[in-house]
Amino acid sequence: MESLEVLRDKLDKIDDQIAALYEQRMEICGEVGEYKVKAGRKVFDRQREKEKLSDVASKVSGDFNKKGIQELYQQLMSMSRKLQYRQLVEAGALGRLPFIRIDGLDRKSARVVFQGTEGAYGQAAMMQFFGDGVNSFHVRTFREAMEAIEEGAADYAVLPIENSTAGPVIEMYDLLDEFENYIVAETILPVVHTLSGLPGAKLSDIKTVYSKTEALMQTSSFLDEHPDWQRISVVNTAIAAKKVLEEKEISQAAVCSSYAAEAHGLSVLVDGINDDADNSTRFIVVTNQKVFLKDASKISIRFELPHQSGSLYGILSHFIYNDLNMTKIESRPVKGRPWEYCFFVDFEGNLEEPAVKNAIRGLREESQNLKILGNY
């Protein structure tokens, strides 16, 4: 057997040949791209690539090598496509994305909707973003809020999308998919839960605690110290506070914010009962207009992929190639197609940046039903 040094020297010589051939291949790919730009041809030809993978596999022996060379050529063809997408973008073939850049949001005269009731965290987030004098109203459900802006009853909706401890608000992803509404901003609200009851109530009086399911989860360590308390879920924390006030039972309490307690005339029995002291909720500001602020730095998209091995891997390579930092990915089932999924991705960037345009061009060609949910 030859020494390791000799074997490595042989590999280096082969790698030199591969590198030279790679450059030759990419030069020709560039010429193919120029032809497609002039002829108006699509970059991605799924059938052609499928045939190519089958062909190269037939030229090597053994299952291991067949699978390996197909993986290698998937990467080679992926790099070819990325080069051609860049050529298309540089030639202006991407066209204008259907979003209009604006200098700022109308925070003074806008009508804003939030979900819940007076004292809800949604109201606190709305006031944090728009100010105390905002012209607002509230609705019972997230869907009603999305309908309000779609129909023009409100200019903006402020809705929760993610909590730092409870995770994503799944319903919001489904609604962003369903409605033609778009994210234009976000605001992060610290969540500080209290245990609040009727004026004059003491901790020893409490037997029943009301709150939103997520809030009960976020305060479970404190609540577990009182195993005899019954925990009952309601729609949101502000409604829990309202319920305690209306029923006037000294034995009832709500897990809610101090903001909600004050709004509904309750007294804070114990403040800061969160399991996680750094708990916060990210709220999105949504409108029915395709607009984005000139200093927007985050993009949210939604897309579907073919139900086959490696499809997600290939799509995510567009972020890597264009040096775009992906900050979040979520999956949701596709309605009417069991065991198939759509993906929601957040990444850093602005719709006017060439790297973003290049990535979106590739995503649009290689995924299905791509939707830009907003740049904010």
Side-chain angles (χ1 to χ4, degrees), residues 11-60 63-95 97 299 301 303-327 329 343 345-370 372:
L11 284 175
D12 288 342
K13 287 182 171 61
I14 294 171
D15 288 341
D16 289 342
Q17 296 175 55
I18 291 174
L21 289 170
Y22 172 75
E23 282 204 317
Q24 291 179 39
R25 191 180 200 283
M26 291 305 291
E27 285 178 11
I28 296 173
C29 288
E31 294 175 11
V32 170
E34 291 174 4
Y35 174 86
K36 289 181 177 179
V37 169
K38 292 177 182 177
R41 297 277 293 275
K42 288 186 65 175
V43 168
F44 188 37
D45 186 338
R46 194 180 302 276
Q47 183 59 34
R48 158 72 178 164
E49 294 199 1
K50 184 177 179 181
E51 292 169 357
K52 184 67 176 178
L53 292 174
S54 177
D55 178 58
V56 295
S58 70
K59 295 176 180 178
V60 297
D63 290 341
F64 185 87
N65 283 346
K66 288 180 184 295
K67 187 171 184 179
I69 198 167
Q70 285 185 321
E71 184 173 338
L72 172 63
Y73 267 82
Q74 283 177 327
Q75 291 302 311
L76 286 173
M77 291 186 291
S78 174
M79 291 309 300
S80 172
R81 292 197 303 273
K82 290 177 176 64
L83 172 64
Q84 292 173 39
Y85 292 140
R86 189 174 71 184
Q87 290 173 304
L88 286 167
V89 170
E90 290 172 349
L94 178 62
L97 293 170
I299 299 170
I301 60 174
F303 56 84
E304 298 169 22
L305 291 175
H307 192 50
Q308 60 191 44
S309 175
S311 59
L312 180 59
Y313 174 80
I315 281 294
L316 297 185
S317 68
H318 289 285
F319 299 105
I320 300 169
Y321 177 79
N322 289 288
D323 294 321
L324 297 173
N325 183 33
M326 189 176 71
T327 58
I329 182 169
F343 296 87
V345 171
D346 291 351
F347 63 98
E348 295 175 354
N350 185 285
L351 289 174
E352 294 189 331
E353 295 171 358
V356 170
K357 292 181 179 180
N358 195 34
I360 288 176
R361 178 76 196 215
L363 292 164
R364 184 165 285 163
E365 288 219 16
E366 296 179 26
S367 66
Q368 300 165 357
N369 300 320
L370 175 71
I372 300 173

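Side chains included, hydrogens not; waters and symmetry mates left out as well; all remaining heavy atoms used.
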CZ (Arg41) with more than 12 external heavy atoms under 6.0 Å: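 Atom CZ in Arg41 is not crowded, with 12 or fewer foreign heavy atoms closer than 6.0 Å.
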Heavy-atom neighbours of Tyr313 OH exceed 12 at 6.0 Å: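 No, not enclosed.
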Heavy-atom pair with the smallest gap, counting every atom of Pro306 and Ser311: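 For Pro306 and Ser311, the tightest heavy-atom pair comes out as O-OG, 3.1 Å.
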Taking every non-hydrogen atom, the tightest pair across Glu352 and Lys357: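 Scanning both residues, the minimum pair turns out to be O-CE, 4.0 Å.
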With a 4.5 Å cut-off on side-chain heavy atoms, are [Y] and [X] touching?
X: Asp55; Y: Lys59; value: yes
X: Glu49; Y: Phe44; value: yes
X: Lys82; Y: Val43; value: no

Pair listing, ring pair (Phe, Tyr, Trp, His ring centres under 6.0 Å) test, anchored in residues 65-88, at least two apart: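 The answer is Tyr85-His318.
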Residue among Ile315, Thr327, Leu363, Ile301 satisfying side-chain contact (heavy atoms from CB on, under 4.5 Å) with Val345: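 Only one of Ile315, Thr327, Leu363, Ile301 forms a side-chain contact (heavy atoms from CB on, under 4.5 Å) with Val345, namely Ile301.
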Charged N-O contact under 4.0 Å between Lys67 and Glu71: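 No salt bridge links Lys67 with Glu71.
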Residues Glu366, Arg81: salt bridge by 4.0 Å N-O rule: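 The answer is yes: the pair qualifies as a salt bridge.
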Exercise: do Gln74 and Ser78 side chains pair donor with acceptor under 3.5 Å: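 No, because no side-chain N or O of Gln74 sits under 3.5 Å from a partner of the opposite role on Ser78.
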Residue pair Leu324, Val356: steps toward the side-chain contact (heavy atoms from CB on, under 4.5 Å) verdict: CA-CA 8 Å; Leu324 297 173; Val356 170; 4.0 Å; yes
Heavy-atom donor-acceptor pair, Lys66 side chain to Ala57 backbone, under 3.5 Å: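 Between the backbone of Ala57 and the side chain of Lys66 there is a qualifying donor-acceptor contact (under 3.5 Å).
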